[in-house]
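Notes follow the structure.
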Amino acid sequence: MSIKSCVNQKIDILQRHPNVNSKGVAIISNKQTTKWKEATVNIIVQGRAILVSIPWKENNQLHILAIYAPNNPRDNANFWHEINEKWTNEGYDKPDLMLGDFNIVEESLDRLPPHPDQADQTDALQNLKPIYVSNAILDVSCDWKIQSAPLNTDHRMISVKVLDPEAPYVGKGRWTIPLFILKDRKIMDTIKNLGIALNENIERTRHNRTNERNAQMLFDKFKNDVIKITRNHARTTVPKIKKSIEKLEQDLANTLNDERYNKGPGETESGSSVHPATKSDPGKWLRLQEIIMKIYKRKALARI
């Protein structure tokens with residue numbers, strides 16, 4: 001079963017690789033917020049690079065270049081040269097955003113443990129003029145984040161919000177009951193009992209209705225009681241969830257800052273050539289994944 005078939009009503013997966021479940025690159029668009037039917041996909045390098053253009057802001061388009069570069073250093077350098085030649089010779093639109101797995105970093109500190117990539121790789125990458133985001137997109141972007149992903153991977157997830165400066169202001173809207181409260185059996189039983197009492201009181205007023213006691217007034221009181229109960233519960237529960245998230249994030253930072261993770265191959269305290277972050281202490285990586293999953297579950301619980 002493919003990912004697309006599981007969530008077909010909400011998303012569209014834009015890709016052009018025959019094996020959609022294990023290889024290639026793709027861009028996922030939200031059907032509710034994008035003109036996904038009008039999006040176009042250009043294959044730049046089969047299984048390695050695609051350019052997706054999505055209608056955005058009146059008659060303009062947002063051009064997104066998705067990359068999955070080779071691991072081999074020589075192949076990686078050749079890949080970036082090929083990308084550069086494609087834009088030079090075939091006249092593709094300049095990407096507004098370029099993202100994906102480059103299998104290369106421009107600074108040694110972006111590696112764990114720190115080490116530089118080969119010069120021909122970084123030089124080839126820098127020859128591609130529109131790197132990462134265009135100036136126009138940078139001006140209307142916010143909430144840049146680098147987060148650990150709830151997956152068994154050595155990569156971290158990068159996210160950014162790109163805004164339409166001409167869009168009207170949209171506020172927070174009406175207050176709604178936090179969804180995690182609906183899973184609290186005690187609160188739900190309380191609301192259920194309030195509903196039963198409401199139904200009984202409405203029946204009593206069927207033949208004895210007054211301006212102070214009628215179905216509309218009773219329902220208004222029921223609604224206000226539910227709001228009061230759920231708000232009070234949220235005020236005490238959400239801070240506890242946030243506090244647990246902060247503690248988990250500190251645990252994550254402490255684990256990542258462990259000195260054993262900052263050593264390179266051959267630099268272990270025992271003098272062996274085994275990498276300290278893998279073979280000598282694999283339990284650390286399991287601990288990282290455990291912490292990351294707990295963080296995401298708690299954030300999803302309270303929609304934080």
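A heavy-atom distance below 4.5 Å is not found between the side chains of Arg213 and Met217. Contact of the Ile44 side chain with the Trp87 side chain is registered, since non-hydrogen atoms from C-beta on lie closer than 4.5 Å.
In this structure, the separation between CD1 on Ile196 and CD1 on Ile191 is 12.5 Å, given to the nearest 0.5 Å. Between the CZ atom of Phe219 and the CD1 atom of Ile202 there is a distance of 8.0 Å, given to the nearest 0.5 Å. Note: Leu62 CG to Thr34 OG1 = 10.5 Å, rounded to the nearest 0.5 Å. Separating the CD atom in Glu246 from the CD1 atom in Ile241 is a distance of 12.5 Å, to the nearest 0.5 Å. To the nearest 0.5 angstrom, Gln216 atom CD is 10.5 Å from Asn211 atom CG. Atom CZ of Phe222 sits about 11.5 Å away from atom CG of Asn201, to the nearest 0.5 Å.
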Original post:
Yes or no on side chain to side chain contact (heavy atoms under 4.5 Å, CB included) for Leu218 and Lys221, after CA distance, side-chain angles and deciding distance?
Top reply: CA-CA 5 Å; Leu218 290 170; Lys221 182 179 183 304; 5.7 Å; no

**OP:** Give the C-alpha distance, both sets of side-chain angles, the deciding distance and a yes or no for side chain to side chain contact (heavy atoms under 4.5 Å, CB included) between Arg48 and Val25.
**Re:** CA-CA 6 Å; Arg48 292 289 183 184; Val25 287; over 6 Å; no

Subject >> Worked check of side chain to side chain contact (heavy atoms under 4.5 Å, CB included) between Val140 and Val162 >> reply: CA-CA 6 Å; Val140 294; Val162 179; 4.2 Å; yes

Subject >> Candidate pair Leu65 and Tyr92, rule side chain to side chain contact (heavy atoms under 4.5 Å, CB included), full reasoning >> reply: CA-CA 11 Å; Leu65 177 60; Tyr92 289 112; over 6 Å; no

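Contact detail for Gln61 and Ser53: the closest heavy-atom pair is OE1-CB, 3.7 Å. In terms of heavy-atom proximity, His233 sits nearest to Asp184 at NE2-OD2, 3.1 Å. The heavy-atom pair separating Asn76 from Pro70 by the smallest distance is ND2-O, 2.9 Å. Taking every heavy atom of both residues into account, Met188 and Leu182 meet most closely at CG-O, 3.4 Å. Nearest heavy atoms, Asp93 versus Leu51: O-CD2, 3.9 Å. Annotation for Thr205 and Ala215: closest pair OG1-N, 4.3 Å, computed over non-hydrogen atoms.
Under the rule for a salt bridge (charged side-chain N to carboxylate O under 4.0 Å, His left out), the partners of Glu90 that lie at least two apart in sequence or sit in another chain are Lys86. In this structure Arg185 satisfies the salt bridge (charged side-chain N to carboxylate O under 4.0 Å, His left out) test with no other residue, sequence neighbours excluded. Scored by the salt bridge (charged side-chain N to carboxylate O under 4.0 Å, His left out) test, Lys161 finds Asp143 as partners (sequence neighbours excluded).
Residue Trp144 is grouped with residue Leu97 when hydrophobic side chains (ILVMFWY) are merged at heavy-atom distances under 4.5 angstrom, including chains of intermediate members. Both Trp56 and Ile50 belong to a common hydrophobic cluster when Ile, Leu, Val, Met, Phe, Trp and Tyr are linked at side-chain heavy-atom distances under 4.5 angstrom. Linking Ile, Leu, Val, Met, Phe, Trp and Tyr residues whenever their side-chain heavy atoms come within less than 4.5 Å places Ile187 and Phe180 in a single cluster. In terms of hydrophobic clustering, with Ile, Leu, Val, Met, Phe, Trp and Tyr side chains grouped at heavy-atom distances under 4.5 Å, Leu99 and Leu163 are assigned to different clusters. Taken together through direct or relayed side-chain contacts under 4.5 Å among Ile, Leu, Val, Met, Phe, Trp and Tyr, Ile229 and Ile177 form part of one hydrophobic cluster.
Distance alone, capped at 3.5 Å, places no donor-acceptor pair between the Thr237 side chain and the Ala234 backbone. Checking side-chain atoms of Asn214 against main-chain N and O of Thr210 turns up a donor-acceptor pair under 3.5 Å. Using modelled atom types, one side-chain atom of Asp96 and one backbone atom of His63 make a donor-acceptor pair closer than 3.5 Å. Looking only at distances, no side-chain donor or acceptor of Asp101 sits under 3.5 Å from a matching main-chain atom of Tyr68.
Trp80 and Asn84 form no side-chain donor-acceptor contact under 3.5 Å, judged by distance and modelled atom types alone.
Salt bridge Glu203/Arg206: present, at least one basic N to carboxylate O contact under 4.0 Å.
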